[in-house]
Novice: 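Please see the structure below; I have some questions.
All chains are named by letter (A, B, ...) in the order of the sequence lines, taking the proteins before the strands, and each is independently numbered beginning at 1. Just so it is clear, the values below take in all heavy atoms, side chains as well, and ignore hydrogens, waters and symmetry mates.
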Number of protein chains: 2
Amino acid sequence: MAELSGKQLQILDFLRSFIGDKDYPPSIRDIQEGCAISSTSVVDYNLRKLEEKGLIRRDREVSRGIEILGSRGRRPRVVEIPVLGSIAAGQPIPVPSSERWANDTEDTVVVTDDMIKGRANVFALRVKGTSMIDDLIDDGDIVFLEPCQAAQDGDKVAVWLKDRGEVTLKRFYREGGRVRLQPANSTMKPIYTTADNVEIQGRFISSFRPSA
Amino acid sequence: MAELSGKQLQILDFLRSFIGDKDYPPSIRDIQEGCAISSTSVVDYNLRKLEEKGLIRRDREVSRGIEILGSRGRRPRVVEIPVLGSIAAGQPIPVPSSERWANDTEDTVVVTDDMIKGRANVFALRVKGTSMIDDLIDDGDIVFLEPCQAAQDGDKVAVWLKDRGEVTLKRFYREGGRVRLQPANSTMKPIYTTADNVEIQGRFISSFRPSA
DNA sequence: GATCCTTACGAACGGATGTTCGCGAGAACT
DNA sequence: AGTTCTCGCGAACATCCGTTCGTAAGGATC
């Protein structure tokens, strides 16, 4: 019972490629044609079998109401995250409001939502430089950030230095009336500045290192 | 022209939530009901507008032929990658053949394919321990690996140590007839073993660090 | 006011699509 | 041989669903 017939495998493959191509499921007649099956009822029969075996889910009476279930019967929830730019690149970074961002984002990455712990409005930046190397963040890494206004001492945050007109990723410490932005790199010195010169853009959530 | 009317925003949101819920696009009448619109032609009109603005793509004469386009008008190509287990966890890891892997994988992550440089059969492992800390790979990181049989000196590879029955992530060096597995951690010593005791499972491609 | 554009409404048309039913071939079992 | 189950075929049916057409309200322009 656990085994799939050749026709069922063929249908499953067709489902995957069709959805991968068009982003919506095929109709039964699409499957019929795509798999060279003579009758719609044969397709229906095999779809029922696939549903019995837990590989797909069907909504009755609904056109194209087919859903491929993931490896575990679950569908991974994915989030598209805009890569807004490079950090410490000399340009202010537009913080995405809670609104939908405009389509002017250069690039995006897609990750499962557990990679960002289901947080909302997460955005990403490319890291330039090795100022956070001791926190295991390298040049070229992509960091995921959560928008926030305030920060606690020791948080890794992206801050906009108004006087320099640039954004940088550092650990954040409040010291009296001043702010210390501490790189995680023993060869670099912290930046001291006033509280009203910094604008916190986001707090570090997670990071990704692309292949070299 | 770039602005979206309230109704168009509402439809777009409905599209997203419907697809997120059911995994197939809504019909025009689904949208009509979901957005409390009085006529199907109004839905059609606004869908045309959304298509003109490049936010969706429609297949004419096809039921539910709606596809949400990504931020840049492109659909991101995503890959589902199985997380096969934890590395250095004492268990041999089944290397995925080029066949479809069985549905017994515990967990998966979804990433854009440029995150793995379009490679095939990539799989992932959770890192236990800090033996690669100097290569900026921490405990808890997820590493993406590409199946391979051989390795070059200095490659970061996951190897199965047959005598210990465990898998570990180390840098690989061939030294005479022996193999040196070098941790990237100054407090740890390399493992020396014979070539026939190691079985290379995969080569390091990239890594991801979840939020703490 | 005249004209045009955008947005909206409601109904009807026709094609697309899931479902069902009768029929039959082949295999396994009694 | 008889029975049952699986798998497949073809056609018909009812509904689902995209499309189109006539109409109209509101705003902008001249």
Side-chain angles (χ1 to χ4, degrees), chain A residues 1-69 100, chain B residues 1-69 75:
Chain A
M1 177 47 153
E3 287 312 306
L4 281 71
S5 76
K7 200 160 289 191
Q8 283 157 22
L9 268 181
Q10 191 187 5
I11 290 178
L12 209 51
D13 274 344
F14 180 77
L15 276 177
R16 279 192 238 276
S17 75
F18 191 100
I19 295 177
D21 185 32
K22 313 246 192 176
D23 242 30
Y24 52 78
S27 70
I28 284 190
R29 282 172 181 83
D30 287 335
I31 300 173
Q32 179 190 359
E33 193 173 350
C35 296
I37 293 173
S38 56
S39 170
T40 60
S41 61
V42 178
V43 179
D44 183 65
Y45 171 78
N46 284 291
L47 285 180
R48 279 176 198 275
K49 288 299 173 187
L50 286 173
E51 191 175 22
E52 280 174 17
K53 293 171 187 176
L55 293 170
I56 63 172
R57 197 177 62 77
R58 291 180 76 192
D59 277 3
R60 299 303 162 84
E61 316 262 338
V62 170
S63 73
R64 303 173 190 273
I66 303 175
E67 174 183 353
I68 299 187
L69 295 176
R100 56 216 98 256
Chain B
M1 181 44 156
E3 287 311 306
L4 281 71
S5 76
K7 201 161 287 189
Q8 283 157 22
L9 271 180
Q10 191 187 3
I11 290 178
L12 209 53
D13 273 345
F14 180 76
L15 276 178
R16 279 192 237 276
S17 75
F18 191 99
I19 295 177
D21 186 31
K22 313 245 192 174
D23 241 32
Y24 53 77
S27 69
I28 285 191
R29 283 171 179 84
D30 287 336
I31 301 173
Q32 179 189 359
E33 192 174 351
C35 296
I37 293 172
S38 56
S39 169
T40 59
S41 61
V42 179
V43 179
D44 183 64
Y45 170 78
N46 284 291
L47 286 180
R48 279 175 198 275
K49 288 298 173 189
L50 286 173
E51 190 175 21
E52 279 174 19
K53 294 172 188 175
L55 293 170
I56 63 172
R57 197 178 62 78
R58 292 179 75 192
D59 276 3
R60 299 304 160 85
E61 314 261 337
V62 170
S63 73
R64 302 173 190 273
I66 303 175
E67 173 184 354
I68 299 187
L69 296 176
R75 184 153 37 100

Novice: For B/Glu51, check salt bridge (charged side-chain N to carboxylate O under 4.0 Å, His left out) against everything at least two apart and list the hits.
Specialist: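 With sequence neighbours excluded, B/Glu51 shows a salt bridge (charged side-chain N to carboxylate O under 4.0 Å, His left out) to B/Arg60, given in chain and number order.
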Novice: Decide side-chain contact (heavy atoms from CB on, under 4.5 Å) for A/Ile19 and B/Asp23; before the verdict, give the C-alpha distance in whole Å, the side-chain angles of both, and the deciding distance to 0.1 Å.
Specialist: CA-CA 10 Å; A/Ile19 295 177; B/Asp23 241 32; over 6 Å; no
Novice: For chain A and DNA chain C, what are the first and last nucleotides along the strand, 5' to 3', with at least one atom under 4.0 angstrom from a heavy atom of the protein chain?
Specialist: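 Reading along DNA chain C, I get C/dT17 to C/dC21.
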Novice: Among residues at least two apart in sequence or on other chains, which ones pass salt bridge (charged side-chain N to carboxylate O under 4.0 Å, His left out) with A/Asp30?
Specialist: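 Residues passing salt bridge (charged side-chain N to carboxylate O under 4.0 Å, His left out) with A/Asp30: A/Arg64.
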Novice: Apply side-chain hydrogen bond (donor to acceptor under 3.5 Å, both in side chains) to B/Ser17 and list each qualifying residue two or more places apart in sequence or on a separate chain.
Specialist: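 In terms of side-chain hydrogen bond (donor to acceptor under 3.5 Å, both in side chains), with neighbours along the sequence ignored, B/Ser17 is linked to no residue.
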Novice: Using the side-chain contact (heavy atoms from CB on, under 4.5 Å) criterion, which residues pair with A/Ser41? Sequence neighbours excluded.
Specialist: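 With sequence neighbours excluded, A/Ser41 shows a side-chain contact (heavy atoms from CB on, under 4.5 Å) to A/Ser39, given in chain and number order.
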Novice: Tell me every residue that passes side-chain hydrogen bond (donor to acceptor under 3.5 Å, both in side chains) with A/Ser38, counting only those two or more places apart in sequence or in another chain.
Specialist: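 If we apply the side-chain hydrogen bond (donor to acceptor under 3.5 Å, both in side chains) test to A/Ser38, skipping adjacent residues, there are no hits.
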Novice: If only side-chain N and O atoms of A/Arg48 are considered, is one of them under 4.0 Å from the OP1 or OP2 phosphate oxygen of D/dT6?
Specialist: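 So the side chain of A/Arg48 is outside the cut-off, no N or O lying under 4.0 Å from OP1 or OP2 of D/dT6.
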Novice: Could you measure the distance from the SG atom of A/Cys35 to the CZ atom of A/Phe18? Nearest 0.5 Å is fine.
Specialist: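 So the gap between those two atoms works out to 11.0 Å.
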Novice: Kindly indicate whether the side chain of A/Leu12, heavy atoms from C-beta on, has any atom under 4.5 Å from the side chain of A/Arg16.
Specialist: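 When only atoms from C-beta onward are counted, A/Arg16 and A/Leu12 do touch, with a gap below 4.5 Å.
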Novice: Could you state the CD1-P distance from B/Ile66 to D/dG18, rounded to the nearest angstrom?
Specialist: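 Spelled out: CD1 on B/Ile66 to P on D/dG18 is 7 Å.
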Novice: Tell me every residue that passes ring pair (Phe, Tyr, Trp, His ring centres under 6.0 Å) with A/Tyr45, counting only those two or more places apart in sequence or in another chain.
Specialist: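 Scan of A/Tyr45 (ring pair (Phe, Tyr, Trp, His ring centres under 6.0 Å), adjacent residues dropped) gives none.
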Novice: Report the distance from atom CD of B/Glu33 to atom C1' of D/dG18, rounded to the nearest whole Å.
Specialist: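 Result: 17 Å.
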Novice: Is the shortest heavy-atom distance from the side chain of A/Ile31 to the side chain of A/Leu47 under 4.5 Å?
Specialist: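 Of all side-chain heavy-atom pairs linking A/Leu47 with A/Ile31, at least one is under 4.5 Å.
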Novice: Within this structure, what is the CD1-to-P distance between B/Ile31 and D/dT19, rounded to whole angstrom?
Specialist: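 Answer to the nearest Å: 11 Å.
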Novice: Name the residue from B/Leu55, B/Ile66, B/Ile37 that meets the side chain to side chain contact (heavy atoms under 4.5 Å, CB included) definition with B/Ile11.
Specialist: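 Between B/Ile11 and the candidates, side chain to side chain contact (heavy atoms under 4.5 Å, CB included) is satisfied uniquely by B/Ile37.
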Novice: Collect all protein-nucleotide pairs involving nucleotides 15-17 of chain D in which both atoms are nitrogen or oxygen and the distance is under 3.5 Å.
Specialist:
| unit_1 | atom_1 | unit_2 | atom_2 | d |
| --- | --- | --- | --- | --- |
| D/dC17 | OP1 | A/Ser63 | OG | 3.3 |
| D/dC17 | OP1 | B/Arg64 | NE | 3.2 |
| D/dC17 | OP1 | B/Arg64 | NH2 | 2.2 |
| D/dC17 | N1 | B/Arg29 | NH1 | 3.4 |

Novice: Identify, with sequence neighbours excluded, every residue that meets salt bridge (charged side-chain N to carboxylate O under 4.0 Å, His left out) alongside B/Arg58.
Specialist: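 Counting only residues at least two positions away or on another chain, B/Arg58 forms a salt bridge (charged side-chain N to carboxylate O under 4.0 Å, His left out) with B/Asp44.
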Novice: Under 3.5 Å between N/O atoms: give me all the protein pairs with nucleotides 7-11 of chain D, atom names plus distance.
Specialist:
| unit_1 | atom_1 | unit_2 | atom_2 | d |
| --- | --- | --- | --- | --- |
| D/dC7 | OP2 | A/Tyr45 | OH | 2.5 |
| D/dC7 | O5' | A/Tyr45 | OH | 3.4 |
| D/dG8 | OP1 | A/Lys7 | NZ | 3.2 |
| D/dG8 | OP2 | A/Asn46 | ND2 | 3.3 |
| D/dC9 | OP1 | A/Ser38 | OG | 3.1 |
| D/dC9 | OP2 | A/Ser38 | OG | 2.5 |
| D/dC9 | O5' | A/Ser38 | OG | 2.4 |
| D/dC9 | N4 | A/Ser41 | OG | 3.2 |
| D/dG10 | N7 | A/Ser39 | OG | 2.6 |
| D/dG10 | O6 | A/Ser41 | OG | 2.7 |

Novice: Quick check: do B/Val42 and B/Lys7 have side-chain heavy atoms less than 4.5 Å from each other?
Specialist: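 They are in contact (side-chain heavy atoms under 4.5 Å apart), so the answer is yes.
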Novice: Counting only side-chain nitrogens and oxygens, does B/Arg58 get under 4.0 Å of the OP1 or OP2 atom of D/dT19?
Specialist: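 Yes.
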Novice: Would you list the protein and nucleotides 23-27 of chain D atom pairs, both N or O, that sit under 3.5 Å from each other?
Specialist:
none

